[in-house]
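Each remark here refers to the structure printed beneath this line.
We count residues from 1, following the sequence as given. Keep in mind it's a predicted model, so treat the numbers as computed, not measured. Each ligand, and each atom within it, is numbered from 1 in the order the structure gives.
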Amino acid sequence: MEFARLIFAGILISLLSNRVAAMAADLPPCKFKAIYNFGDSNSDTGAISAAIFPRQWPNGETFFRKPAGRVCDGRLIIDFIAERLGLPLLSSYLDSIGSNFRHGANFAAGGSTIVPQNKTIAESGLSPFALNVQIFQFDQFKARTSDLYKEKKKHSCRIQVLPRSKEFGDALYVVDIGQNDIAYGLRTVGDAQLLASIPDIITQLVLAVQNLHTQGARTFWIHNTGPIGCLPSTLLTITNPPPGFLDNHGCVKSQNDIAQEFNRQLKSRVVKLRTDLPHAAITYVDIYAAKYGLISSSKQHGFVEARKICCGYHKNGIDVGCGGILALPNGTQISGPSCEDPSTYISWDGVHYTEAANHWIASHLINGSFSDPPIPITHACYTTS
Ligand SMILES: *[C@@H]1O[C@H](CO)[C@@H](O)[C@H](O)[C@H]1NC(C)=O
Ligand SMILES: *[C@@H]1O[C@H](CO)[C@@H](O)[C@H](O)[C@H]1NC(C)=O
Ligand SMILES: *[C@@H]1O[C@H](CO)[C@@H](O)[C@H](O)[C@H]1NC(C)=O
């Protein structure tokens, strides 16, 4: 009986996975010509660096060999997505130097929240480019580039860095934001009030998606929020945690519970959105599961302990952030300072992930294994057929 049941379960599982494979196989591959991305530092490819303060070495050391606007030693998840789709890495909308918007633009900015906080950067540590501002920027980008393209074409001028108006509809729209709303709530209002505000925060995200849809966007790839309670920057400040405060993998349980509640509500709103916007393909991507999966089995995947930080120095009461200058007792100054081999670390600076971790996460996301519906990104577009 048990045996028969096992065989039955086995058949069911293989039928289900065959069905997913068949679903993807039946779908034609997408022809994304552009990516438009909205988010925070997890996907900022140069906004804060261009608009406010340049990112310092050793950011960029692994891949770009120089600071490249990202808070990471190399590429971010959005970079690996662009590569997988055969598109160039995205220029930041706010970067006026050497940018190319032929295949999309990135509106993500480090420190951005979904809900605007109406406080200065100095007061809140948050960016002025909240999601609603990123949508205003997109509106302006779309209107002005379309206008400029027509104008330039009429006079046979250079147009190679401009997007084609007709390609906005077939573009991939990626959203990865919410971590700073949770982090800021944890710092300022506490767990209960933060939990109570989650429905309103998610409403703002849904409004942004609806706004883009009204403008013709059809394919959305929406990341949920990661396990904020596993960030080493937080874990560093915790000494002698009471029993039950940390989970089996050393993460702050209450913080991860809030992130997961955010994700539950986000997922149910995305499911509802599919009914409201039948002419769209909206994929919900479980970044939380991907990141937590990596963190909880770091050794198995060839990484050092997840709570170790590659860049920055935080020991014996000395705190030097990544890119800061550390003065050693003998008078030597080290900038950075970063670890010898970033490819073995998950955390770059305590908050952001290394290129190696981003690569691991992206390679798992891209084939749809963390998506609802479970379709690879190369096939996740809206089609009329
Ligand atoms: C910020 O200001 C806007 C416009 O006045 C308002 O709608 C919004 O609720 C404010 N946000 C917060 C968090 O107070
Ligand atoms: C100071 O200490 C560092 C680390 O121990 C060492 O690499 C460096 O050579 C020392 N500098 C001098 C001037 O002794
Ligand atoms: C997706 O890719 C990851 C990483 O390469 C792999 O471990 C996983 O089995 C793949 N999943 C599917 C459903 O293809």
### Query
Can you check whether F370 and Y288 have ring centres sitting under 6.0 Å from each other?
no
Can a donor-acceptor pair be found between the side chains of [X] and [Y] at a distance below 3.5 Å?
{"X": "D319", "Y": "Y313", "value": "no"}
{"X": "D247", "Y": "Y292", "value": "yes"}
{"X": "N256", "Y": "Q260", "value": "no"}
{"X": "S112", "Y": "S127", "value": "yes"}

### Query
Would D372 and R274 pass as an ion pair if we require N to O under 4.0 Å?
yes
Could you check ligand 3 for N or O atoms lying under 3.5 Å from protein N or O atoms and list the pairs with distances?
from	atom 1	to	atom 2	distance (Å)
ligand 3	2 (O)	N367	ND2	2.2
ligand 3	11 (N)	N367	ND2	3.0
ligand 3	14 (O)	N367	ND2	3.3

